[in-house]
Amino acid sequence: MNNDTLIPKIGVVTDIRQDTPDVKTFRVVAPEGGKVFEHMPGQCAMLSMPGVGEAMFSITSSPTNKEFMEFSIKKCGCLTEWLHAMEVGQQITIRGPYGNAFPVEGDLKGKDLLFIAGGIGLAPLRSVINYVRDNRANYGDVQVIYGSRSKDDLVDYKEIIDEWMADPNIRVDLTIDNPQEGWDGHVGFVPNYVKELAPSTSKTVLVCGPPIMIKFTLAGLKELGFTETQVYTTMELRMKCGVGKCGRCNIGNKYVCKDGPVFRFDQLGELPDEY
Amino acid sequence: MLKISKSRLGELFDAVAAKQTLYIPTDREPGAAEYKKYESGMELTKELNTVRSAKDFFFPQTENLADFRIDGKNIEVRDIREECGDFVVFGVRACDARSFTILDKVFLCEPVDSFYKNRRDHGTVVTMACSRPAETCFCQTFGIDPTSPEGDAACFDDGESIFFKANTEKGQAFIDSIASLLEEGDTAKLDEVNAKTKEIMAKLPLAKLSTGNFGGDKLNEYFNSDKWAELSEACLGCGTCTFVCPTCQCYDIRDFNTGHGIKRFRCWDSCMYSDFTKMAHGNPRLTQLERFRQRFMHKLVYFPANNNGEFGCVGCGRCLAKCPISMNIVKVMKALEEK
Amino acid sequence: MQVNENFEPVIVAFCCNWCSYAGADLSGTNRLNYPTNVKIIRVPCSCRVNPMFILRAFQKGADGVIICGCHPGDCHYTSGNYFTRRRITLLYSMLDFLGIERNRTRLEWVSAAEGAKFAATMEQFTADVKALGPNRRLEDLRCRKQ
Amino acid sequence: MQEAMIKRAKELLADGSVDRVIGWKRGEFAYDITPAVFTSAEELEHDFVFDDFTAANVSKYLVKETAKEGKILAFLKPCDTYSFNQLIKEHRIDREKVYVVGIPGGPKLDIEKIKAKGITGVLSVKNEDYTLKIETLYGEETMPFSEAVLDKCASCKSKKHVAYDELIGEDGDVLESNRFDMVEKLENMTAQERFDFWRGQLSKCIRCNACRNVCPACTCENCVFDNPKSGIDNKAAADSFEENMFHIIRAFHVAGRCTDCGECSRVCPQHIPLHLLNRKFIKDINELYGEYQAGADTTSRAPLTDYTKDDCEPSVVHERGVE
């Protein structure tokens, strides 16, 4: 019988990084080494610990990384608590890749890109940002606006400082919600910061973060003159199968696991407001 | 057409069961029929249809997807799939036969569900034309002709004999396998029976029900309808409609710790349940209104939107008969159509 | 009934922390023998035993379940075991109603001073369950040891 | 009766005594009646129905309804008033927000029993002197009223309203019922026979949760069977054990609180006689701890939250009936 996507493969956790007080990044490789499967930026995978639970997570590493996959996971439920408690060397099960991806080889090619992320919302965008950095010639101007509750809550802070900020080919603007000792950067919510920075409306925007942040960011972008067809986001709903069959992650007739998770705002606008 | 006298039906069943597993609808108790594995002497029910639909044969209520063994930090995944044995489901009604086409659209589209396909490949569906439709029947609303059911092979009952017609190669193979029991028969009486059934069909209380006002293009119109509050008001949030429905296909995946390993199960789930879309950080369908709306929008709008206008209902009438509070797709359609 | 001499039942004993568990301890310090089939689960009070615990024990492979608590009137929490008595009586009666063998379930009052009674009770209960054979009516086939 | 009820409801709506009315709404056929809330005279006039098929117990809806603003008029049959009282006792209903009009009880009809007689294509059902005249697509059929009565009505325990603000019609009495007959019959079987009986019944269960969701005693915000942390929240039984567990625990959780309204068996799509499990508990409670009727009052202590120092020991199970 052919492989069935519902029967998972084994992944070994080879590194665990504590990014923020409640976010850890897990590095996963196949038992024989290398990646368990290939993916495109924005796609997701089902991670599971049998007996504990199974859930969908976006793959935060770039496909250009040929050695491993990474997942940045916030502790918020049964499975994520278990994952946060595990040690390096632990095996988990993994299946995927699921969903569409950001159109990095399609509509985004040659465009000026603006990434806007809030908190753990950086996880799916990090994959795209690193993909773009590795294929820098294919894209125009690249700007990242990233904000979090505090300095400690900025996911992948080390990579942002050491690599992205050091990269002359992209611009990174960071902000935190409240003033904090040791922080001399911008203070304020992401949507307001976006308005302050007033990026050029020629850019294509990729936004991800808490629903409330997305809502206000979109409103802000519209005020600046952006249209819905310029803005992409990525969604998350409860999923069981990952292939559009178990029937729960739909928004209208679109399944987030299969038709998403990446949607353009004009596409989302045609769907009912149930997410 | 080839036929067999009804008095010899038992012989036919015995012959089929000698070669492969045969399931027939039989009476469990007065007024309640269910599919059972045929054993010699078992009689075909006189009920119009079974309480549970025939989807169980291809999409069972629970099934084991995989087993896991955990040893320290290591996990072993055991693929426990086995090639399914050949089987025949006899006496499926036209509505249920159509439901397989609908389930196929879900499970056989990429990526193919190998669990479903395995059973589908090995199962032969032998349908039975209806001659006594009930008041709850509305299969004609979905373009189904109960006097000429789909399925691999179709059977027709003229009161004295059962006639056989093949619709697919598998169906032809089934008829060939029992050919020695069949004889050529005259269908004049059968044509009369069918004509009479069609007369009844035209007189059914739900004969006028139409899907004309539904389909993929009605998404926002109906999603935002103010009828949902009233329609869902009495809904108990149970799964009766879902579980008796031949086309409901939502499922859940659960793990069970046996003490010496983990078994991963797939089981039916219902969008009517409060935890259907519950996540660690919230639930997009918080009240019964949203859950209720999802079920009917799925059948009447979302499914046709994704499947060239085909609806996710076959008009079998099970939910009409079984809903504890008698709320059902017919009432929903009629209410939504009222302007 | 045919008794399979090789069958060793799994007995789950829920023992209240204050009396029965101490009773079990005492039977140990007095070097009294009781069958190794008995797996003790300590609970703060016999009334902590949710009916679900009993069913789950059977599900996961127990052949008999016994609850031990302080004698009525001696409950560390004044009245816990009075509630236990009603609850467990009704539950056992229901299990009986569903056709589950009566001798698979028991409730005994064992005080901290009754080490001998604890050992004798376990001896007797294990023998009774052994006579019944493996639990088949209230087992979960998935949990059966292959 | 229906006319009198509509008239009274309209009066109470008109004079502002109540804002809403909960009752039953007409369906597509003669028998498919849905509990519904009415807010206007027109709606009542058009859709309100009270006939031989209005069996649904609407008291549980009052949990949701009394959480809303305003007062609601509830038409309660005698058996429904027991559930109502029990919910009051458990502080699930705000009594101040309900105006209860007691209405006569059954016996009500069970369409499934009519269909089990082989009568299909039912278009209308008329009761003429306790003979049912059933018009069908295939001609007219008749059957005795008594043979189509719901099980719960056939063993009615009481025609007395235990809670009401006003009555339409006469109040009745608590009845001598035969409701424990079947329980007794089962008790007198051997353990093997009982096991086979229940395995046969419970194996029909499809875990649709209709019994739980309709039950006026099952009002937990989050049921243990829906709680992932309980470890038993399986949606469908993968093993017969889970069927047993679900029904034992459900019956146990309502023991001493179940008023024997019979809704669980009425709504079961698979006709499992679930009420027998509840009645077994009721019978045991009556025999072992003294007669107790849940919902008969709003103040007494429930048998499982009470005890006496000389209660019987569980060994009583061994001393009764047949092993």
Side-chain angles (χ1 to χ4, degrees), chain A residues 1-13 31 46 48-55 74-81 86-93 98 210-211 236-255 258-259 270-275, chain B residues 65-70 72-77 79 81-83 106-107 109-115 117-118 216 219-220 223-224 248-253 255-257 261-264 266 269 271 275-285 290 293-294 297-298 301-306:
Chain A
M1 235 176 279
N2 294 335
N3 285 339
D4 193 294
T5 185
L6 295 180
I7 301 174
K9 298 185 172 66
I10 299 287
V12 188
V13 177
M46 272 281 193
S48 161
M49 179 57 203
V52 181
E54 190 173 42
K74 183 170 175 165
K75 184 157 78 173
C76 65
C78 292
L79 177 67
T80 53
E81 267 171 35
M86 76 181 168
E87 295 168 1
V88 168
Q90 175 71 46
Q91 292 192 341
I92 55 171
T93 74
Y98 294 126
E236 178 188 33
L237 285 174
R238 185 180 171 95
M239 297 169 191
K240 281 289 177 177
C241 68
V243 287
K245 300 185 200 289
C246 81
R248 71 198 66 221
C249 68
N250 67 310
I251 304 170
N253 62 322
K254 298 286 182 219
Y255 289 98
K258 196 174 141 186
D259 306 309
E270 289 165 14
L271 299 175
D273 183 21
E274 192 175 44
Y275 47 83
Chain B
L65 290 181
D67 286 354
F68 301 95
R69 233 157 242 270
I70 294 169
K73 286 181 175 176
N74 294 334
I75 302 173
E76 182 200 341
V77 182
D79 184 351
R81 290 177 299 168
E82 280 173 12
E83 201 76 17
V106 176
F107 288 114
C109 77
E110 281 302 320
V112 172
D113 188 288
S114 65
F115 299 88
K117 184 169 187 296
N118 184 12
L219 199 146
N220 287 314
F223 188 89
N224 297 315
C248 270
Q249 107 298 317
C250 292
Y251 62 78
D252 195 359
I253 296 176
D255 290 350
F256 178 78
N257 189 339
I262 309 287
K263 280 184 174 292
R264 181 159 290 173
R266 159 157 79 186
D269 202 351
C271 53
D275 60 349
F276 187 66
T277 52
K278 196 166 158 193
M279 293 176 281
H281 67 262
N283 191 346
R285 298 187 199 132
E290 288 103 35
R293 176 172 61 191
Q294 163 66 19
M297 285 295 283
H298 187 198
V301 178
Y302 306 156
F303 199 84
N306 294 343

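Residue numbers start from 1 in every chain, and the chains themselves are labelled A, B, ... in the order their sequence lines are given, proteins ahead of strands.
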Review point. What option among A:M239, A:K240, A:K9 has the most heavy-atom pairs under 4.5 Å with chain B?
Key: A:K240
Point to revise | Partner chain B: residue of A:G247, A:G77, A:C246, A:C78 with the largest heavy-atom pair count (under 4.5 Å) | key: A:C246
Identify which part of [X] has an atom lying under 4.5 Å from any heavy atom of chain B, answering side chain, backbone, both or neither.
X: A:Y255; value: side chain
X: A:C241; value: both
X: A:L237; value: both
X: A:E270; value: backbone

Practice item. Check the pair B:Q294 / A:N250 against side-chain hydrogen bond (donor to acceptor under 3.5 Å, both in side chains), numbers first and verdict last. Key: CA-CA 9 Å; B:Q294 163 66 19; A:N250 67 310; 3.0 Å; yes
**Study point:** Inter-residue atom distance B:F223.CZ - A:N253.CG, 0.5 Å rounding
**Key:** 11.5 Å
Check your understanding: Which residue, B:I70, B:I75, B:V77, forms the side chain to side chain contact (heavy atoms under 4.5 Å, CB included) with A:Q91?
Key -> B:I75
Check your understanding: Of the backbone (N, CA, C, O) and the side chain (C-beta and beyond), which part of B:N74 lies under 4.5 Å from a heavy atom of chain A, both, or neither?
Key -> both
Exercise for review: Let me know if B:D113 has heavy atoms under 4.5 Å from chain A in its side chain, its backbone, both or neither.
Suggested key: both
Check your understanding: Does any non-hydrogen side-chain atom of B:D255 lie less than 4.5 Å from one of A:V52?
Key -> no
Exercise for review: Please tell me if the side chains of A:K258 and B:C109 come closer than 4.5 Å, counting only heavy atoms from C-beta onward.
Suggested key: yes
Review point. Within a reach of under 6.0 Å around CD of B:E83, are more than 12 heavy atoms found that belong to other residues, nucleotides or ligands?
Key: yes
Point to revise | Between B:E290, B:R266, B:K278, the one whose heavy-atom pairs under 4.5 Å with chain A are most numerous | key: B:K278
